[in-house]
Amino acid sequence: MAVKLNPPQREAVSYVATPLLVLAGAGSGKTGVITHKIAHLIREVGYKPTQIAAVTFTNKAAMEMRDRVRKILPGGESRGLQISTFHTLGLNILRKELKAIGLKSNFSLLDSTDSFGVLADVMRQFTGADTDRVKQAQWQISKWKNDGLDPAQAQSYAEDEIQLVQAESYARYERQIHAYNAVDFDDLIVKPVKIFREHAEVLERWQNKLRYVLVDEYQDTNEVQYQLVKQLVGPRQALTVVGDDDQSIYTWRGARPDNLRKLGEDFPRLKVIKLEQNYRSAGNILSAANGLIANNAHLFEKRLWSEMGPGDSIRVVPCRDEIHEAERVVSEIISHRYRTNSSYTDYAILYRGNHQSRLFEKALREQRVPYVLSGGTSFFDRAEVKDLMAYLRLMANVDDDSAFLRIINTPRREIGAQTLEQLGEYAKQRNCSLLVACHEMGLQEFVSARTLPRLREFALWVSRMSERMARGDVLSAVRDMLHDIDYQVWLTEQSKDEKAAEKRWANVMELVGWLEKLCEPTEQNKDLQDAVSHMSLMSILERQDAKENEDSLSLMTLHAAKGLEFPHVFIIGMEEEILPHRTSIDEGNIEEERRLAYVGITRAQRTLTLSFASKRKRFGETITCEPSRFLEELPEAVVKWETARNNGPRSEESKQHGQAQLAHLRGLLGALAK
DNA sequence: TGGGGTGATATTTTT
DNA sequence: TATCACCCCA
């Protein structure tokens, strides 16, 4: 971003008279506006840092914002400032106000895998529970929650038999996790909203505490998130939101770009400022983006412009089939990199669906091009991480049956399914959690004499550990805990080879490291429960970035690319039924697909290449593909269609020839470099 | 309890 | 076609 602010940016920073909506086009320096505004609020307007809350959607965005604010406000000037994701904000509220909804102070936070497990259990009891059905129900329940509907409301809104069953599952699921003294991710927003709605005095306290609210990526807010914002802002109406309706690509998971329009209704004195100067992309790229998005209906007219030169034309590359597309794009990147003396980190290959990465990975590996694939299994989905998290959760909250079940036999304690069933039956009868049930005398009526001591031993051990951790001795207790369960040995047994085992153990140690950081007696002294909840909310992106000192190309979905920028961008699979995606065509939801293409295009700084294949194998059979309609929507003047040359099926011979040439070229360049 | 064979099934994903 | 979940058998 420009160091000096342009006039609309300056206005957005200093405007505090009424609520403000900043319509920030792609690459218009919106993060700079938010961070400068925070500094302005503190330095010029006189807010204390603790009175300001800035909300983002991802940890990454929150982290970046924190870093940049710290640069503007060095020293302790920004101390106490609340810059966090919606979910972390919700967690903080919930932690302080949990009594209002009958949660105990040590509640667990279930991630989506955990909540899937709970839901599957619940559904098994009264309806089918095959993976698909549960997944669908989970999705629907999340949607209902994000729309602010409770089980009863969901039931009355249910449109068909399936949804009725899902609504019933929702009700039972809620009861179940409440019994576990747990909440899920969605609850982190839903519960605070509920508390605020039902307890005016609590809300008032928070309104007095947080006197200015800023929201980033506002077009991505869903119904409950907007409710939360409205509640917090209250009558004071000290609010700035930044958003771009053209970059709304998450409506399928409940985001409501319509919240932009509602803002004008809910805050009649709303001021709107547009940021239209783009600092990222060359002129032709911007023209392409503008031309494309002009085909969408708009709430607010907005036209990006740039002081940069036009740059290269947008290249459209037709390919014979998907294999050639991959080979061609990869070899073009290799030669372009040599020609322009760029590094691989300057390149990104973007696509609509994850599966599209496969052929490109193959081509990249063959050519020895290092790459990073974003969107693989996340750190928190790894078995060893889940295990350790479950241990910690159980230590923090003995009622967390979902954690109990995960670890009771990990590592092996020879407690089988039958025993657990008996234990569950007893616990149900006694209306207590599984761990508590293990301690009770009555249990011996239910469980065989052989397994009973095992359960007792385990429960006793957990209780002892749990007490130790509660006393504040978290870290040494965790180390002892890992030692007690011989976890490293277990991992080695479980892993294919030594290397895998080492890596998994390293993940465990990393998690412990994070715990260490969170338990440090710095600003807020966190207890175990707090540390564990916060850990589930953290993303591992930080780690990947740090690891990423290798010069590698980026491979990711268009969704994942949002918020990023690259000098050279390749968008592949520009075909009908891919982008726009088939289901979106069927549902008539072309506009969101167009926005997705728009997001992709506006990631590019200097060059943009769009490729498509005329034939493609799908589900075993070869089909003919149409170029995407979006290609035709680009202004002709800035687009250069390449010929289909080089596209015939390459013989083995010519392939070898090509590689020999490449090797030759490499040699030459290597010599030149010296 | 884990591995291999078989049959269904093919978006986007953060917290 | 390729993967993944599930089931059955050792």
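A note on names: the letters A, B, ... follow the listed sequences, proteins ahead of strands, and every chain is numbered from 1.
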P spacing across the pair B/dT11 / C/dA2, given as an integer number of angstrom
16 Å
With sugar-phosphate meaning primed atoms plus P, OP1 and OP2, does A/E577 contact a base, only sugar-phosphate, or nothing at under 4.0 Å between heavy atoms?
nothing
If you check every side-chain atom of A/T58, which of B/dT15, B/dT11, C/dT3 has the closest atom?
B/dT15
If only side-chain N and O atoms of A/N354 are considered, is one of them under 4.0 Å from the OP1 or OP2 phosphate oxygen of B/dT12?
yes
Mind checking if A/T557 touches a base, just sugar-phosphate, or nothing, with heavy atoms under 4.0 Å?
sugar-phosphate
Answer yes or no: is there a donor N or O on one side and an acceptor on the other, between the side chain of A/S628 and the main chain of A/L579, under 3.5 Å?
yes
For a ring-ring contact (aromatic ring centres under 6.0 Å, His included) check, start with the C-alpha distance between A/F458 and A/F404, then their side-chain angles and the critical distance, and finish with the verdict.
CA-CA 10 Å; A/F458 176 69; A/F404 178 94; 5.8 Å; yes
Please measure how far the C1' atom in B/dT14 lies from the corresponding atom in C/dT3, and state the result in whole Å.
25 Å
With respect to the side chain of A/R253, which nucleotide from B/dT11, B/dT13, B/dT15 is positioned closest?
B/dT13
Grab the two heavy atoms, one from A/A255 and one from A/Q219, that are nearest each other, plus how far apart they are.
CB-O, 4.0 Å
Regarding A/S584, tell me which of base, sugar-phosphate or nothing describes its non-hydrogen contacts under 4.0 Å with the strands shown.
base
Syn within 90° of 0, anti beyond: B/dT12 is anti
Of the candidates B/dT13, C/dT3, B/dT11, the side chain of A/Y250 sits closest to B/dT13
For the rings on A/F57 and A/F86, is their centre-to-centre separation under 6.0 Å?
yes
Considering just the side-chain nitrogens and oxygens of A/N59, establish if one lies under 4.0 Å of OP1 or OP2 belonging to B/dT14.
no
Under 4.0 Å between any heavy atoms, over every strand shown, what does A/R358 touch: base, sugar-phosphate, or nothing? Just pick one.
sugar-phosphate
Considering just the side-chain nitrogens and oxygens of A/N146, establish if one lies under 4.0 Å of OP1 or OP2 belonging to B/dT15.
no
